[in-house]
Amino acid sequence: MPRESRGARIGRMHDEYAILCSMFPAPRCALDFTTPFELLVATMLSAQTTDRRVNTVTPLLFSRFPSAQDLWRAKPEDVEDIIHPLGFYHTKARNLQAMAGIMTTRFHGVVPDSMADLTSLPGVGRKTANVVLGNAFGIPGFPVDTHVTRVTGRLRWRTDWKSASPDPVSIEKEITEVFPPEEWTNLSHRLILLGRELCHARTPSCGECPLASTCPYAAATRGKIPARA
DNA sequence: ATCCCGAGGG
DNA sequence: CCCTCTGGAT
């Protein structure tokens with residue numbers, strides 16, 4: 001089989017995205033929040049945990065510590081107790097309080113709305129910053145998480161799909177140069193939803209996936225047992 | 001045993 | 001590049 005050309009791949013990406021749009025017409029952020037600060041905290045907590053689990057602890061966390069200053073001044077053990085079931089609780093609590101301290105002292109208690117300022121906060125990397133930019137401020141951002149990495153790899157939406165440890169920044173670059181900025185946030189949501197509902201890490205449901213007719217991964221595993229990979 | 005809307009440090 | 005931090009669900 002001939003290798004897919006760049007033009008063909010980009011055309012396929014748009015076709016497949018149209019299907020994704022019909023599958024998930026109105027995607028929204030799965031983390032519960034009411035303010036940029038709450039979204040920033042929730043996203044920082046979401047590392048290596050499901051968003052559903054994050055939503056079970058944030059109501060108490062936000063009612064106990066409504067502002068950055070409250071969180072900064074909190075007793076570390078109180079923060080740890082609340083977020084404990086999410087894992088990485090010691091690191092997350094330290095990052096949250098350090099972030100809250102810098103927000104209070106250097107950003108006047110307001111969540112900054114630029115990539116550079118956000119990632120200057122402790123515990124805030126590019127993925128978290130893109131979530132906040134896109135979902136709290138309406139500024140185009142393309143968060144690359146575990147789902148986006150896996151799904152874009154299986155769909156061959158990126159050229160380094162064979163890499164065992166692909167670079168999230170290069171994924172972000174390769175995908176965002178194909179789609180218009182106003183779609184980036186929803187595109188990320190839709191890829192995540194596909195990953196959560198069908199394109200599972202262990203046993204993807206290619207048989208029920210509307211993208212299977214064009215998906216290279218589905219083609220490669222078709223007829224075989226979709227055991228692993 | 002594997003995975004979940006990662007980030008920082010060596 | 002590697003490693004560590006962590007708990008709950010499947």
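Numbers restart at 1 for each chain; the letters A, B, ... are given by sequence-line order, proteins then strands. Everything quoted here is computed from the prediction, not taken from an experiment.
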Legend entry - A/P168 backbone acceptor or donor facing A/E172 side chain under 3.5 Å: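 No, the answer is negative, given that no donor and acceptor are paired below the 3.5 Å cut-off.
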Legend entry - Short side-chain to backbone donor-acceptor contact, A/S170 and A/D167, under 3.5 Å: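 A pair under 3.5 Å: yes.
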Inset, instruction - State, with a plain yes or no, whether a side-chain heavy atom of A/M13 is found less than 4.5 Å away from one of A/I175. - result: yes
Inset, instruction - Going 5' to 3' through nucleotides 5-10 of chain C, assign each nucleotide B (protein heavy atom under 4.0 Å from a base atom), S (under 4.0 Å only from sugar-phosphate atoms) or - (no protein heavy atom that close). - result: BBBSSB
Legend entry - Members of residues 68-79 of chain A that approach DNA chain C, where some heavy atom sits under 4.0 Å away: none
Inset, instruction - May I have the step-by-step check of side-chain contact (heavy atoms from CB on, under 4.5 Å) for A/L118 and A/V111, ending in yes or no? - result: CA-CA 8 Å; A/L118 280 166; A/V111 179; 3.9 Å; yes
Residues forming a salt bridge (charged side-chain N to carboxylate O under 4.0 Å, His left out) with [X], sequence neighbours excluded:
X      : value
A/D145 : none
A/R52  : none
A/E4   : A/R12

Inset, instruction - Go through A/E174 and A/T152 one step at a time and tell me if the side-chain contact (heavy atoms from CB on, under 4.5 Å) criterion holds. - result: CA-CA 10 Å; A/E174 226 176 338; A/T152 56; over 6 Å; no
Inset, instruction - With P as the reference atom in both, quote the distance from B/dC5 to C/dT10 in angstrom, rounded to an integer. - result: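 After rounding to an integer number of Å, I get 12 Å for this pair.
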Inset, instruction - Between B/dT2 and C/dT6, how far apart are the P atoms? Round to whole Å, please. - result: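 Taking atom P in both C/dT6 and B/dT2, they lie 22 Å apart.
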Inset, instruction - Report the C-alpha distance between A/K127 and A/T43 in whole Å, list the side-chain angles of each, state the deciding distance to 0.1 Å, and finish with yes or no for side-chain contact (heavy atoms from CB on, under 4.5 Å). - result: CA-CA 9 Å; A/K127 181 256 170 179; A/T43 310; 4.0 Å; yes
Legend entry - Passing candidate, side chain to side chain contact (heavy atoms under 4.5 Å, CB included) with A/R53, options A/D51, A/N55, A/T49: A/T49
Can you list every ring pair (Phe, Tyr, Trp, His ring centres under 6.0 Å) pair that touches [range], not counting sequence neighbours?
range                       : result
residues 105-141 of chain A : none
residues 162-211 of chain A : A/H14-A/F179, A/Y17-A/F179, A/W157-A/F179
residues 19-55 of chain A   : none

Inset, instruction - Taking only heavy atoms on the protein side, list every residue of residues 130-144 of chain A lying under 4.0 Å from any atom of DNA chain B, sorted numerically. - result: A/V131
Legend entry - Sorted by number, the residues of residues 155-190 of chain A with heavy-atom contact under 4.0 Å to DNA chain B: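 Going residue by residue through residues 155-190 of chain A, the ones with a heavy atom under 4.0 Å of DNA chain B turn out to be A/H189.
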Legend entry - Along DNA chain B (nearest heavy atom to each residue), the more 5'-positioned of A/T43 and A/V124: A/T43
Legend entry - Distance, nearest 0.5 Å, that separates CG of A/L155 from SG of A/C215: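 One finds 4.5 Å between CG of A/L155 and SG of A/C215.
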N/O donor-acceptor pairs under 3.5 Å from side chains in residues 68-88 of chain A, not counting sequence neighbours:
from	atom 1	to	atom 2	distance (Å)
A/D70	OD2	A/S67	N	3.0
A/D70	OD2	A/S67	OG	2.9
A/E80	OE2	A/H90	ND1	2.6

Inset, instruction - Heavy atoms of chain A, cut-off under 4.0 Å: which first and last nucleotide of DNA chain B, 5' to 3', fall inside that, if you could look? - result: B/dT2 to B/dG8
